[in-house]
**Student:** 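Before we start, here is the structure in question, set down as structure tokens.
Throughout, a chain's letter reflects where its sequence line sits, starting with A, and its residues are numbered from 1.
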Amino acid sequence: MSNAPQFGLNGPQSEAVLYLDGPALVLAGAGSGKTRVITQKITYMIEDRGYDPRTIAALTFTNKAALEMQERVAKLLKQPRQAKLLTVSTFHSLGVKILRQEANHLGLKDRFSIMDSDDCYSLVQDLAITTDKQLIRRIQNDISLWKNGLVTPELALRNAKDEDEAQSARIYASYVATLSSYQAVDFDDLIRLPVELFRDNETVRDKWQRRLRYLLVDEYQDTNTCQYELLKLMVTGLGKKPMFTAVGDDDQAIYAWRGASVENLANLQVDFPDLKLIKLEQNYRSTTRILQAANAVIANNPKLFEKALWSEHGLGEPIKVHAMPNDEQEAEQVAIMISADHFERKNKWSDYAILYRGNHQARVIEQALRNQRIPYTISGGQSFFDKAEIKDIIAYLRLLANQDDDPAFIRAVTTPRRGIGQSTLEVLGAFSGQWQCSLFEAVFKGGIEAKLTDRQLGPLRDFCNFINDLESRASRPGPAGSGDNAAQVLDDLMEAIHYEHYLYDTLEERAAQSRWQNVLDFVQWLKDRGRGGKDRDGEEKNVLELTQMVALMSMLEGKDEDPDAIRMSTLHASKGLEYPHVFLVGVEEGILPHKGDPDAPVETLAQRIEEERRLMYVGITRAKRTLQLTWCKKRKRGGEHVHCDVSRFIAEMQLDVGDAPPKETEVISPRERLARMKELLATPKTKEIT
DNA sequence: GCGCAAAGTATTTTT
DNA sequence: TACTTTGCGC
């Protein structure tokens, strides 16, 4: 196998592209061109090695990344339309696809609902009979971690260490039962259920293995146990060699809190002994100074793999750190600095990014940018599909698809108000519980007449008849065999529920207007996809199927942001992106590193700091040319100003060491950097780990 | 059953 | 500070 550079790639990159003899792990440092490797590899497989694009799956971490990757492959291909045949999606979307086709094997109907985290939150709230927010979240978290770790409720209960855990485990059991009575799944199930299916049913597993013969997994360091299990089940068996490429970077693992385990990287070598390991260490993104700082910070973490990033770009401009009196000043100063720099260097606004740890930090910054009349776009904030008005509409669609979906029923039947209130629903709920049926079914079940007055039952039955009627039309194939009736069904729905009227009735004009616009955008978005035109995988989808996809989306693709605007983003949402000029704000103890749960066990404390450090590393390595950091001496929390200290990570960047004497010609070799890093590892810091 | 007003409370990251 | 929950009156 030759690993001579090809496609304008460097040695290791083209090696990663060309290698198709077995499983491969590409350790790709920040900015080392991993997306290029993946897209080139797919292109190479199709055009030079005769792979059918239908048998290649690329799994990404977000829908946005999936979309981008597909577009990039389309650009590389001689026949761009082939890109549509690929499976490029998140693990979760792939899970939906599998579940939809194999639902019957799991005792699930193919029109199952997908519950979002809010639905699950309310469910836990009901089951735990509490309003304690912290407690509910803790239980929700426990359940999610168990599911991700493939732990059953029985096992969870048996292994419970204390009463708290036992309580969570008991709720976990009824949580699972309730979801199944709703014919619903949660996010974690989208991966857990396919795993169980593939484990128990070899025929189905073979079928999918034949269908998807080669897997590429991006951001592998952020996969959890369950996802790894799915990967293994999809690539092993059939007496063939496991074929996949995983791409990841242990230094950028920032989702441990969601059950991701970096150990999956190490496990890969154990589970696949002939794993080909390829390291991408040349950075094409940042200046040497930026990389130096990033390397210095991450050197404080224990290492899984030895890796040394280097760059051929020059030393670059010094990294600046600004101390600010308070968070409002911070926001204003950053806005002013960007504005000045923008006019001075004649840069585009979109060359600048402001990164922060938590979404709430965006508020002040937004205000400051507005004051300075600087255009901005926010990514990673509240998702479009989480807006109340969108969830209202989705509730109707969910109910249309699946009448066992009680939460959707409750939401739809009460929004807009139609004379059905809490007490009616309570009676209905008790009745349905007694007869083990859904709320919807209970409305028509014999005996309900005795429990409810005509005044209560009337609107309920009207509502259910309306849903039934609409459902029968939604399920009929449209004219010309397309999903064309989707548009008609949606229009009828919107017309019948008087949603616009409801908004203007309950809200102020401005708010109602903006919400109604969102609804219109959403409906249009659905219509576009219903016609089978715009959807990426080119498959026909009716409204009901679209509803399932919508549950996983967080952004309205296509509804494009201002192309020339400053990017604002959380550090998490910035992963995989790059910007010429980066401002990292709020670099304070308590924010970055974030102070977590004060009564969390001590042994996790070190690990938590390590994850925060990786987050810092991700932030630093987003910058191509300049990087500026700010921190505040005081910050408004709640109503009061609170004192803040500068983050330890600033010192760890070793700015004074690297920058003090202006040795402009200093160029550090990879070897030298490695030595430096080892030195750092050997000195103080490490003792907290050992 | 519903809407309004006051008080209380929470602040990490996301498929 | 902003948002949510609770309570009360119609």
**Student:** Output yes when a side-chain donor or acceptor of A/Asp188 lies under 3.5 Å from a complementary backbone atom of A/Lys147, and no otherwise.
**Tutor:** no
**Student:** Rounded to whole angstrom, note down the C1' distance from B/dT12 over to C/dT5.
**Tutor:** 23 Å
**Student:** Roughly how many Å is it from CG in A/Leu145 to P in B/dT14, rounded to a whole number?
**Tutor:** 17 Å
**Student:** B/dT15 P sits how many Å from A/Asn141 CG, rounded?
**Tutor:** 16 Å
**Student:** Both distances under 3.5 Å, Watson-Crick or G-U wobble: on that basis, could you give the dot-bracket string for DNA chain B, with [ ] for crossing pairs and | for other-strand partners?
**Tutor:** |||||||||......
**Student:** Is there aromatic stacking of A/Trp257 on B/dT13 here, judged by a ring-centre distance under 5.5 Å and a plane angle under 30°?
**Tutor:** yes
**Student:** When you measure from the side-chain N and O atoms of A/Gln361 to the phosphate of B/dT12, is any distance below 4.0 Å, counting only OP1 and OP2?
**Tutor:** no
**Student:** Does A/Phe91 reach a base, just sugar-phosphate, or nothing at all? Heavy atoms under 4.0 Å.
**Tutor:** nothing
**Student:** Please determine whether a side-chain nitrogen of the Lys or Arg among A/Glu229 and A/Arg192 lies less than 4.0 Å from a carboxylate oxygen of the Asp or Glu.
**Tutor:** no
**Student:** Can you check the A/Glu612 CD to B/dT12 C1' distance for me, whole Å?
**Tutor:** 8 Å
**Student:** Using a strict cut-off of less than 4.0 Å between a Lys/Arg side-chain nitrogen and an Asp/Glu carboxylate oxygen, indicate whether A/Asp392 and A/Arg515 qualify as a salt bridge.
**Tutor:** no
**Student:** Report which part of the nucleic acid A/Ile591 touches: base, sugar-phosphate, or nothing (heavy-atom distance under 4.0 Å, all strands).
**Tutor:** nothing
**Student:** Before accepting this row, confirm whether a basic side-chain N of the pair A/Lys391/A/Asp116 lies closer than 4.0 Å to the acidic partner's carboxylate O.
**Tutor:** yes
**Student:** Between B/dG1, B/dT12, B/dT14, which one does the side chain of A/Ala573 approach most closely?
**Tutor:** B/dT14
**Student:** If I take atom CD in residue A/Glu328 and atom P in nucleotide C/dT1, what distance separates them, rounded to the nearest angstrom?
**Tutor:** 8 Å
**Student:** Could you please spell out the steps behind the side-chain contact (heavy atoms from CB on, under 4.5 Å) verdict for A/Leu439 and A/Phe431?
**Tutor:** CA-CA 8 Å; A/Leu439 293 173; A/Phe431 185 81; over 6 Å; no
**Student:** Would you classify A/Gln367 as touching base, sugar-phosphate or nothing, given that sugar-phosphate means primed atoms plus P, OP1 and OP2, and contacts are heavy atoms under 4.0 Å?
**Tutor:** nothing
**Student:** What is the distance, to the nearest angstrom, from the CD atom on A/Gln140 to the P atom on B/dT12?
**Tutor:** 14 Å
**Student:** Could you run down the sub-3.5 Å N/O contacts of the protein with nucleotides 3-9 of chain C?
**Tutor:**
unit_1: C/dC3; atom_1: OP1; unit_2: A/Arg363; atom_2: NH2; d: 3.2

**Student:** Once you round it to whole Å, what is the distance between P of C/dT1 and CG of A/Asp327?
**Tutor:** 12 Å
**Student:** OP1 or OP2 of B/dT14 versus the side-chain N and O atoms of A/Ser117: is any pair under 4.0 Å?
**Tutor:** no
**Student:** Would you mind writing out the side-chain donor-acceptor pairs for residues 252-259 of chain A within the sub-3.5 Å range, not counting sequence neighbours?
**Tutor:**
unit_1: A/Gln252; atom_1: OE1; unit_2: A/Arg622; atom_2: NH2; d: 3.2
unit_1: A/Gln252; atom_1: NE2; unit_2: A/Asp249; atom_2: OD2; d: 2.8
unit_1: A/Trp257; atom_1: NE1; unit_2: A/Ile254; atom_2: O; d: 3.0

**Student:** May I ask you to decide whether A/Glu68 forms a salt bridge with A/Lys64, counting only side-chain N to carboxylate O separations under 4.0 Å?
**Tutor:** no
**Student:** Salt bridge check: are A/Glu611 and A/Arg614 linked by an N-O gap of less than 4.0 Å?
**Tutor:** yes
**Student:** Are the charged groups of A/Arg648 and A/Glu612 less than 4.0 angstrom apart, N to O?
**Tutor:** no
**Student:** If you find the nucleotide of DNA chain B closest to A/Thr424 and the one closest to A/His594, which residue's nucleotide is nearer the 5' end?
**Tutor:** A/Thr424
**Student:** Where the side chain of A/Ser432 meets the backbone of A/Ala442, is there a donor-acceptor pair that is under 3.5 Å apart?
**Tutor:** no
**Student:** Taking the ring of A/Tyr499 and the ring of A/Tyr502, is the distance between their centroids below 6.0 Å?
**Tutor:** yes
**Student:** In whole angstrom, what separates A/Lys636's NZ from B/dT11's C1'?
**Tutor:** 15 Å
**Student:** Is the aromatic ring of A/His572 within stacking range of B/dT13, meaning centres under 5.5 angstrom and planes under 30 degrees?
**Tutor:** no
**Student:** OP1 or OP2 of B/dC2 less than 4.0 angstrom from a side-chain nitrogen or oxygen of A/Arg417, does that happen here?
**Tutor:** yes
**Student:** A/Thr62 side chain N/O closer than 4.0 Å to the phosphate oxygens (OP1, OP2) of B/dT14?
**Tutor:** no
**Student:** Roughly, in whole Å, what's the span from OH in A/Tyr255 to P in B/dT15?
**Tutor:** 6 Å
**Student:** Hey, is the side chain of A/Asn359 poking within less than 4.0 Å of OP1 or OP2 on B/dT12, counting only N and O atoms?
**Tutor:** no
